[in-house]
Visitor: 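Quick one: this structure, given as structure tokens, is what I'll be asking you about.
Whatever order the structure lists ligands and atoms in, that order sets their numbers, starting from 1. As the structure is a prediction and not an experimental result, all values here were calculated from the model.
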Amino acid sequence: MNLHEYQGKEILSSFGVRVQRGIVAQNPAEAVEAAKQLTEQTGTQWYVVKAQIHAGGRGKGGGVKLAKGLKDVEPLANNIIGMMLVTPQTPPTGKKVHQVLIAEDVYYPGESEPSEFYMSVLLNRATGKNMIMYSTEGGMDIEAVAEKTPHLIFTEEIDPAVGLLPFQARQVAFNLGLTGEAQKEMVKFVTSLYKAYVSADASLFEINPVLKTSDNKILAVDAKVVLDDNSLYRHPEYAAYRDLREENPIEVEAKAAGLNYVALEGNVGCMVNGAGLAMATMDLIKQAGGAPANFLDVGGTADAKRVETAFRIILKDPNVKAILVNIFGGIVRCDRVAQGIVDAYKNMGDEIKVPIIVRLQGTNAEIAKELIDNSGLAVHSAILFQEAADKVKEVLS
Ligand code: GDP
Ligand code: MN
């Protein structure tokens with residue numbers, strides 16, 4: 001589950017990580033109220049108005065603006081709330097901004113220049129360890145840093161059974177060139193950040209930039225946080241963080257129906273049982289010259305009701321030009337799946353306007369094929385993987 005910046009900062013704060021403080025607002029009037037409250041809490045006179053969407057690069061897209069005084073807050077919030085914000089991480093049409101974070105200005109002048117670092121905590125699947133990745137080159141696109149100046153990116157690997165060792169936190173501060181008060185602050189920052197990552201069952205905490213203020217405080221200016229969906233049951237306190245407005249509506253509906261569905265960009269809808277077979281089926285579609293419109297695992301119980309729900313969900317995607325059903329009958333018998341498909345098709349009548357190719361293999365595959373061939377419906381049946389691929393090619397051309 002992806003979080004908004006303000007939600008990520010709430011979690012960070014709860015584990016003692018210093019953050020750029022802010023208050024979220026749904027409309028310009030609330031934004032002004034938030035700014036006044038923030039001044040009471042922090043003394044700040046300048047504010048940053050930050051669009052809250054599930055995508056980074058907001059600054060470059062015009063979604064992060066500095067308000068040099070209370071009077072600037074209302075017009076800026078008015079501009080940003082409701083806009084379609086386009087960033088390198090949104091779809092080309094952008095994402096609608098529903099709320100803004102009114103944050104304190106932390107780039108105030110002082111005894112030294114503020115400086116920006118990059119830091120993330122994530123899982124290194126290759127080593128099976130957690131990893132802190134960090135760089136002196138904060139505030140910019142980390143992919144560009146990795147490409148042009150890879151020697152400026154450092155990593156600390158952490159054995160999850162042992163945890164972050166104090167010398168590792170000091171190593172981070174050292175590699176970032178910090179001394180004195182800033183070094184102590186960084187050690188504290190890294191230690192609490194790692195604690196937050198582990199305790200919240202996150203799969204990513206990315207802080208870009210981590211800021212050293214002009215008076216040597218270290219704080220998180222931004223927060224990209226991804227929580228592991230499989231651990232959410234352990235964190236009822238985070239359930240309310242889900243923002244369905246940010247998610248693909250078809251995926252939301254599929255999830256509610258208990259289907260494992262991921263929307264993709266292609267033109268061939270897939271209905272498959274088992275994740276591995278689904279991946280192989282997507283390869284098959286590519287090979288046949290198509291592109292998968294989705295990943296859909298109907299799971300072990302492919303009865304008529306489930307098949308019908310899956311059809312309806314696949315058909316919500318206007319790009320779908322054909323549907324390939326690829327089911328292996330192991331526990332579930334192919335003839336029952338075939339009956340499910342026939343029933344679903346009959347129920348849906350002319351809602352199905354695209355050709356359907358059905359490949360059933362396993363228990364009672366022959367009976368299943370007969371059932372489909374004799375149904376009188378416009379469904380192409382196949383038993384072999386290659387036959388199915390050829391039929392996909394045929395209907396696409
Ligand atoms: P992103 O563009 O989505 O990554 O959003 P960020 O939260 O990282 O903000 C983008 C940029 O806005 C930062 O890199 C800073 O340069 C700038 N910014 C953020 N907070 C402040 C602030 O308090 N004062 C000033 N002057 N600039 C800020
Ligand atoms: Mn950022």
Visitor: Mark up the atoms of ligand 1 that fall under 4.0 Å of a heavy atom belonging to Gly56, in ascending order.
Guide: 3 (O)

Visitor: Should Phe117 and Phe174 be regarded as members of a common hydrophobic cluster, given that ILVMFWY residues are connected when their side-chain heavy atoms come within less than 4.5 Å of each other, either directly or indirectly?
Guide: no

Visitor: Would you verify that at least one protein heavy atom lies under 4.0 Å from atom 21 (C) of ligand 1, or report that none does?
Guide: yes

Visitor: Using 0.5 Å steps for rounding, measure from the CE atom of Met1 to the CG atom of Asp229.
Guide: 7.5 Å

Visitor: Evaluate Val48 for polar contact with ligand 1, using N/O atom pairs at a separation under 3.5 Å.
Guide: no

Visitor: Closest non-hydrogen protein atom to atom 7 (O) of ligand 1, residue and atom name please, with distance?
Guide: Lys50 NZ, 2.7 Å

Visitor: I need the contact type for Asp105 against ligand 1. Using non-hydrogen atoms and a strict under-4.0 Å cut-off, is it side chain, backbone, both or neither?
Guide: both

Visitor: In Asp222, which N, O or S atom comes closest to the Mn ion (ligand 2)?
Guide: OD2

Visitor: Hey, is Val106 touching ligand 1 through its side chain, its backbone, both or neither, going by heavy atoms under 4.0 Å?
Guide: both

Visitor: Would you find more than 12 non-hydrogen atoms of other residues, nucleotides or ligands less than 6.0 Å from Glu351 atom CD?
Guide: yes

Visitor: Kindly compute the distance separating CD (Glu387) from CD1 (Ile357), expressed to the nearest 0.5 Å.
Guide: 12.0 Å

Visitor: For ligand 1, note which part of Glu104 has a heavy atom under 4.0 Å away: side chain, backbone, both or neither.
Guide: backbone

Visitor: Would you say Lys65 has more than 12 foreign heavy atoms packed within less than 6.0 Å of its NZ?
Guide: no

Visitor: Any nitrogen or oxygen of Gly59, main chain or side chain, under 3.5 Å from a nitrogen or oxygen of ligand 1?
Guide: yes

Visitor: Give the numbers and elements of all ligand 1 atoms closer than 4.0 Å to a heavy atom of Arg58.
Guide: 1 (P), 2 (O), 3 (O), 5 (O), 6 (P), 7 (O)

Visitor: Find all atoms of ligand 1 within a distance of less than 4.0 Å from any non-hydrogen atom belonging to Asn208, and give their numbers and elements.
Guide: 8 (O)

Visitor: By the definition side chain to side chain contact (heavy atoms under 4.5 Å, CB included), identify the one residue from Leu227, Leu232, Asp228 that meets it with Asn230.
Guide: Asp228

Visitor: Can you tell me the protein heavy atom closest to atom 11 (C) of ligand 1 and the distance?
Guide: Val64 CG1, 4.5 Å

Visitor: Mark yes when over 12 heavy atoms from residues, nucleotides or ligands other than Phe15 sit less than 6.0 Å from its CZ; otherwise mark no.
Guide: yes

Visitor: Could you check whether the rings of His4 and His54 sit parallel, tilted or perpendicular, using 30° and 60° as the cut-offs?
Guide: tilted

Visitor: What I want to know is whether Glu5 and ligand 1 share at least one N or O pair that is separated by under 3.5 angstrom.
Guide: no

Visitor: If you count heavy atoms of other groups shown closer than 6.0 angstrom to CE of Met279, is the number above 12?
Guide: no

Visitor: Provide, to 0.1 Å, the distance between atom 15 (C) of ligand 1 and the closest protein heavy atom, together with that atom's residue and name.
Guide: Tyr107 OH, 3.5 Å

Visitor: Could you tell me whether Lys255 and Glu247 make a salt bridge, using a distance below 4.0 angstrom between a side-chain N and a carboxylate O?
Guide: no

Visitor: Which residue owns the protein heavy atom closest to atom 4 (O) of ligand 1, what's the atom, and how far is it?
Guide: Asp222 OD2, 3.1 Å

Visitor: Which atoms of ligand 1 have any heavy atom of Glu116 under 4.0 Å away?
Guide: 14 (O), 15 (C), 16 (O)

Visitor: With the side chain counted from C-beta on, respond yes when Tyr134 and Glu156 share a heavy-atom pair under 4.5 Å apart, and no when they do not.
Guide: yes

Visitor: Is Leu193 linked to Val19 within one hydrophobic cluster, defined over Ile, Leu, Val, Met, Phe, Trp and Tyr using a side-chain heavy-atom separation of less than 4.5 Å?
Guide: yes

Visitor: Atom 19 (C) of ligand 1: which protein heavy atom is closest, and how many Å away?
Guide: Val221 CG1, 3.6 Å

Visitor: Below 4.0 Å, non-hydrogen atoms only: which portion of Thr87 touches ligand 1? Side chain, backbone, both or neither.
Guide: neither

Visitor: Looking at ligand 1, is there an atom of it that comes within less than 4.0 Å of some heavy atom belonging to Met140?
Guide: no

Visitor: Would you compute the distance between atom CD of Glu366 and atom CD of Glu370 and round it to the nearest 0.5 angstrom?
Guide: 8.0 Å

Visitor: Less than 4.0 Å from atom 25 (C) of ligand 1, is there any heavy atom belonging to the protein?
Guide: yes

Visitor: List every atom of ligand 1 that sits less than 4.0 Å from any heavy atom of Gln20, numbering the atoms from 1 in the order shown and giving each element.
Guide: 20 (N), 21 (C), 22 (C), 23 (O)

